Q: 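Handing you this structure, nothing more for now.
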Number of protein chains: 2
Amino acid sequence: MARRVRTTARKKPRQERSQATVDAILSATARVLCTTGYDRASTNRIALHAGVSIGSLYQYFPSKEALVAALVERHIDQMTSLVKTKLAEVAATPLPLAVRTMIQAMFDAHAVDPKLHKVLIEEVPRVGRLERLTDVERQVQGLVAAFIDARRDLRKAPAHAIAFVLVHAVEAVTHAAVVDELPAPRAQEVAEELTHLVLRYLSPG
Amino acid sequence: MARRVRTTARKKPRQERSQATVDAILSATARVLCTTGYDRASTNRIALHAGVSIGSLYQYFPSKEALVAALVERHIDQMTSLVKTKLAEVAATPLPLAVRTMIQAMFDAHAVDPKLHKVLIEEVPRVGRLERLTDVERQVQGLVAAFIDARRDLRKAPAHAIAFVLVHAVEAVTHAAVVDELPAPRAQEVAEELTHLVLRYLSPG
DNA sequence: TGAATATGCGAGCTATCGCTCGCGTAGACA
DNA sequence: TGTCTACGCGAGCGATAGCTCGCATATTCA
């Protein structure tokens, strides 16, 4: 157990069927992670659930770490692409609308695959390639800091500090609302309170 | 590996030396968790680092889960006792001071053992007895909700929603500041911004 | 059609895991 | 001092982990 050697890709799929195999493996990884948790999610079990031999799995993913890293990548892309496009869209809109939209986008992003997100955040060790999980937050922080710098209608304070507080606060509340599986009306209340929190915080008054 | 059977205590230490053994085991668990991560932290390795035989370890902790649960308990107690006493202290003080004090208390609580806290939050699977980790948050939320209800000088909104947003926001920002190992001046900035965030949010204006 | 290549297979290797159990030793009490 | 019990020990068990490797089958292309 736990040898963690090769983390780079091993072989690239050239034919259609092999691409299907790769997809099946990744999907199975997500399913098994959700149902059994990280340390019970053995590569053998994943291969079994994917309807693929363990040999095939290791033909495309050189290690368990690489496998999970690939899944993380896929999941992160799905979430961030959603948030990034929204952020670009609202760059020039009035602040209240912009904030409301972004918070909704955060909720939507977390709704992509809440259970997987939970496992990825709460159980996957952030070593090696898996560190990307934390990288993304920094990346988003940068974008938000830029967004804040570009605005003159906000209270003045170090943009990096504002971004730090804002990103983590919004992320955490959204995450908690989704992970705690709040019923829709409660979630709605929380989303509104969160919007309120951010708007009050940013207004120069 | 991974049998997870007995989770209740096995034997209670009666003599002094055995209490020392238990302490050594718990401390070693914390150290090994921090240095190797959760899934590399085997019971054998922990016993080794504690200078104790694997047999002795299992004399006091019936399973790895129980061992980690005990450590979680100890860590949580250290953190929450600090926060709870402060919360009681400031119950009747003016809001700005109360908030400032509580946020400082949160930073202090996270400073108790940041690395352990990080591992406990990010890697330990929340199954069985380990769920207590999430229980605490709900508990704190209740206390804060009560605190809010007791005050008439705040904006009116469902106390539970306010508490939800507040607790998760403050927790996340504090946690991030400590885990990211922000240099002191940056941390100070963040703490001030966080205070600002909360005060703005709570003021009725 | 046949050679070359891409893909798929799974028995099984080694390492390590969580944990047991039989036995030796230190301290308490008579 | 002898007896009883709390405490400590560590070889080693069964299970399972991550992963390899030799071989079978499907596909491409000449």
Side-chain angles (χ1 to χ4, degrees), chain A residues 1-25 28-29 32-33 36-70 124-125 127-130, chain B residues 1-25 28-29 32-33 36-70 124-125 127-130:
Chain A
M1 169 189 262
R3 241 164 299 174
R4 307 286 155 92
V5 189
R6 221 175 329 184
T7 31
T8 59
R10 171 169 285 182
K11 202 176 236 180
K12 282 188 181 175
R14 322 237 164 190
Q15 301 176 0
E16 263 185 32
R17 57 178 179 143
S18 65
Q19 187 53 58
T21 300
V22 169
D23 287 347
I25 293 170
T29 306
V32 173
L33 273 178
T36 74
Y38 181 78
D39 57 354
R40 287 278 227 272
S42 71
T43 51
N44 280 291
R45 210 193 302 264
I46 289 168
L48 197 71
H49 277 250
V52 151
S53 85
I54 182 66
S56 294
L57 188 152
Y58 277 94
Q59 201 155 31
Y60 299 105
F61 302 97
S63 68
K64 183 182 177 179
E65 182 184 314
L67 172 58
V68 176
V124 174
V127 287
R129 293 263 164 246
L130 280 318
Chain B
M1 169 189 267
R3 241 164 301 173
R4 307 281 156 92
V5 189
R6 220 173 335 183
T7 31
T8 58
R10 174 168 282 183
K11 202 176 235 181
K12 285 189 181 174
R14 322 234 165 192
Q15 301 176 2
E16 262 186 33
R17 57 176 178 147
S18 65
Q19 187 54 58
T21 302
V22 170
D23 287 347
I25 293 170
T29 306
V32 174
L33 272 178
T36 74
Y38 182 78
D39 57 354
R40 289 278 228 271
S42 72
T43 51
N44 280 290
R45 210 194 303 263
I46 289 168
L48 197 71
H49 278 249
V52 151
S53 85
I54 182 64
S56 295
L57 188 153
Y58 277 93
Q59 201 156 32
Y60 299 106
F61 303 96
S63 67
K64 183 181 177 181
E65 184 185 313
L67 172 58
V68 176
V124 174
V127 288
R129 294 262 165 247
L130 281 317

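Values below: all heavy atoms of this structure, side chains included; hydrogens, waters and symmetry mates excluded. A note on names: the letters A, B, ... follow the listed sequences, proteins ahead of strands, and every chain is numbered from 1. The shown structure was predicted, so the numbers you read here are calculated from the model rather than taken from an experiment.
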Q: Counting C-beta onward and ignoring hydrogens, is there a side-chain heavy-atom pair between T21(A) and I25(A) closer than 4.5 Å?
A: yes
Q: To the nearest angstrom, how far is L57(A) atom CG from dA17(D) atom P?
A: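 So the CG-P distance, L57(A) to dA17(D), works out to 14 Å.
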Q: Output the rounded distance in Å from CG (D39(A)) to C1' (dG18(C)).
A: 12 Å
Q: Got a sec? Which of residues 43-56 of chain A come in under 4.0 Å of DNA chain C, heavy atoms?
A: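 Hits under 4.0 Å, by residue number: V52(A), S53(A), I54(A), G55(A), S56(A).
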Q: For T21(A) and dG8(C), is the shortest distance between a side-chain N/O and OP1 or OP2 below 4.0 Å?
A: yes
Q: For DNA chain D, whose closest nucleotide is more 5', that of S42(A) or that of R17(A)?
A: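 Residue closer to the 5' terminus by nearest nucleotide: S42(A).
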Q: In whole angstrom, what separates K64(B)'s NZ from dT20(C)'s P?
A: 15 Å
Q: Strictly distance-based, threshold 3.5 Å: is any side-chain N or O of R45(B) a donor or acceptor partner for the main-chain N or O of R40(B)?
A: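 Indeed, once roles are kept as given, a pair shorter than 3.5 Å links the two residues.
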Q: F61(B) has an atom CZ; how far is it from atom P of dC7(D), in whole Å?
A: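 To the nearest whole Å, that distance equals 13 Å.
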Q: Roughly how far, to the nearest 0.5 Å, is the CZ atom of R129(A) from the CG atom of L67(A)?
A: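 Output value for this atom pair is 14.5 Å.
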Q: Heavy atoms, side chains only, cut-off 4.5 Å: are V22(A) and Q19(A) in contact?
A: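 V22(A) vs Q19(A): side chains touch.
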Q: Quick one: closest heavy-atom pair of Y58(A) and K64(A), and the distance?
A: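 Heavy-atom minimum between the residues: OH-N, 4.4 Å.
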Q: Which nucleotide in the set dG8(D), dT20(C), dT7(C) lies at the smallest distance from any side-chain heavy atom of Y60(A)?
A: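 So the nucleotide nearest the side chain must be dT7(C).
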Q: To check you understand the geometry: which heavy-atom pair defines the closest contact between L57(B) and T43(B), and what is its length?
A: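 The answer is CD1-O, 3.6 Å.
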Q: Between dA26(D) atom P and E16(A) atom CD, what is the distance in whole Å?
A: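 Distance, rounded to whole Å: 17 Å.
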Q: What is the separation between atom CD1 on I25(A) and atom P on dC9(C), rounded to the nearest whole Å?
A: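 From I25(A) CD1 to dC9(C) P: 9 Å.
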Q: Quick one: Q19(A) CD to dA6(C) P, roughly how many Å, whole number?
A: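 That distance rounds to 16 Å.
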Q: Over how many whole Å does the gap from Y58(A) atom OH to dG18(D) atom P extend?
A: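 Distance check: Y58(A) OH to dG18(D) P gives 6 Å.
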Q: Atom OG1 in T29(A), atom CZ in F61(A): separation rounded to 0.5 Å?
A: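 T29(A) OG1 to F61(A) CZ: 7.0 Å, rounded to 0.5 Å.
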